[in-house]
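Worksheet for the structure shown next.
Just so it is clear, the values below take in all heavy atoms, side chains as well, and ignore hydrogens, waters and symmetry mates.
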Protein chains: 2
Amino acid sequence: MPVKEVGSGTVFYSPEHPTEVLLFLKKGRVRLFYLSAGGKAFTTATLESGTFFGEMTLLGQSLYGKYAEAVTPCTLCVMSRDDVKTFFLSDLRISYRIVESLSKRLAETEQRLADFAFKQVPARLAALLLSLADKKSVNNQNESVSSDPAFVEIACTHEELSQMTGVHRETITRVLNNFRTNGLIELHRGKIVLLDVKALTELSIV
Amino acid sequence: MPVKEVGSGTVFYSPEHPTEVLLFLKKGRVRLFYLSAGGKAFTTATLESGTFFGEMTLLGQSLYGKYAEAVTPCTLCVMSRDDVKTFFLSDLRISYRIVESLSKRLAETEQRLADFAFKQVPARLAALLLSLADKKSVNNQNESVSSDPAFVEIACTHEELSQMTGVHRETITRVLNNFRTNGLIELHRGKIVLLDVKALTELSIV
DNA sequence: AATGGTCTGTGACATTGCTCACATTGGATT
DNA sequence: AATCCAATGTGAGCAATGTCACAGACCATT
């Protein structure tokens, strides 16, 4: 099974070079994003290690292009469709995991879609901050680092939040400042500290 | 394998009665939707026969509830998770179809998400009309009915379009009237005729 | 042909978030 | 300590969409 190593920041999949393969992310973190006509990026998913992806190739009908970028250095297993059929889907446990992983991503994506339809920007941003914090604390647990819920730090820039929410950077800044004014968060360069998780949760539900 | 028949309009899945089952839609059409705090519905997917679904139960973490409603009379196969494991995932062809179906839904949903992030309402609505027309013409082909692309009819109300786009009904009406003024469509009660598919496609890309 | 209920149309106005155009700040680098 | 650059902050105006409050139009049924 061919293995590929890519460095941080590498865009290893793009619509210009569509490849009829499926990928397994063995190690690292991957960001999937679209690029608008105006060149604006929108992140649809951030994948953690252990995820199967590449299903975009089964259809190849992306209107604007979908890209995959390594956020951290990554180890990828590259498979053809036949590989998948023979190796993986014939093994009950693996196929179950693939289905589970796809289901989870689908549920998350549908949830985000509903959020777009129902919620204003502040609620969506609050929800995003909480989910980032959640992911982070899960990772911390794995590394047996204390993850005090009363003191959660998120390392990201306003620009990154902008790309994850589909909201312009200036608006993100304004909303975050508003959160800070109300004592919900603490802002540092490239870093956000959640102070009032309860209030943020409250906000995210509206 | 237990089979269930439900009449048109039946809401057979709701967050109040979450069931740990997976479903196979043997016959009919199903609409999945969320309900906002304010009681507004948002349709995330319309499933045609031959689709596996119910993966929401694997997680059960919907913030607001997700509902499934029979749009037409439906025949459903009800399976437990174990059923799925033993029967389906052990059969290569079936498991491959499940994965394919999930992948397709995921790709569609991510595309819609990107549309929300990038496009204005007119573009999203044009895209929706085209995709509805597309589905319809596919169905027509199956029934060997002529599907002249120059004369595509869609049967739906503004309210339904509203729920599929997450845009208020009044806005839908205004945008549709704008389309009509420009000769792109023809409007009838509960029915829309696409006159200029090319121009609509143009619009949907912006 | 009268009635009633959905569906559609429309005006006026409020809001949100985008757009453009900068000023400022933090921290890494030399 | 001087410089530079990405990241952040902010104002003013504007366009798109939501909101509310109806009016009218179509169709099925009585």
Quick one: B:N178 CG to C:dT8 P, roughly how many Å, whole number?
17 Å
Nearest-angstrom distance from the residue atom NZ of A:K191 to P of D:dA6
21 Å
Rounded to whole Å, the NE2-P distance (A:H188 to D:dG9) equals 11 Å
Length of the line joining B:I172:CD1 and C:dT6:P, which is rounded to integer Å:
20 Å
Can you classify the ring geometry of A:F33 versus A:Y67 as parallel (below 30°), tilted (30 to 60°) or perpendicular (above 60°)?
parallel
Please check if the number of heavy atoms outside B:K26 that lie under 6.0 Å from its NZ is greater than 12.
no
For A:L187 and D:dT10, what is the distance between atoms CG and P respectively, to the nearest whole Å?
11 Å
Compare the minimum distances between each of C:dG11, D:dT10, D:dG18 and the side chain of B:R174, then state the nucleotide with the smallest one.
C:dG11
Among the nucleotides C:dT8, D:dC20, D:dT17, whichever has the atom closest to the side chain of B:H158 is C:dT8
With hydrogens left out and only the distance checked, is there a donor-acceptor pair under 3.5 Å joining A:R169's side chain and the base of D:dG9?
yes
Could you check which of C:dG5, C:dT10, D:dT8 has an atom nearest any side-chain atom of B:R189?
C:dG5
When the ring planes of B:F116 and A:F116 are compared, do they come out parallel, tilted or perpendicular, using 30° and 60° as the limits?
tilted
Which part of the nucleic acid does B:R180 contact within heavy-atom distance under 4.0 Å: base, sugar-phosphate only, or nothing?
sugar-phosphate
B:K40 NZ - D:dG18 P separation (whole Å):
7 Å
Whole angstrom is fine here: how far is it from NE2 in A:H168 over to C1' in C:dG17?
9 Å
Between B:T171 and D:dG18, is there a contact of a side-chain N or O with OP1 or OP2 at under 4.0 Å?
yes
Nearest-nucleotide pick for A:T157, side chain only, options being D:dA7, D:dA16, C:dT8:
D:dA7
Taking 4.0 Å as the cut-off, does a side-chain nitrogen or oxygen of B:N177 come that near to OP1 or OP2 on C:dT8?
no
Looking only at the side chain of B:T173 (C-beta and beyond, no hydrogens), which of the listed nucleotides D:dT8, C:dG9, C:dT16 gets closest?
C:dG9
Send over the distance from A:K119 NZ to C:dT16 P, rounded to a whole Å.
17 Å
Applying a 4.0 Å non-hydrogen cut-off, can you work out what B:E170 is touching in the nucleic acid: base, sugar-phosphate, or nothing?
base
A:E186/A:R180 ion pair, N-O < 4.0 Å:
no
Rounding to 0.5 Å, atoms OG (B:S95) and CD (B:E100) come to a distance of 10.5 Å
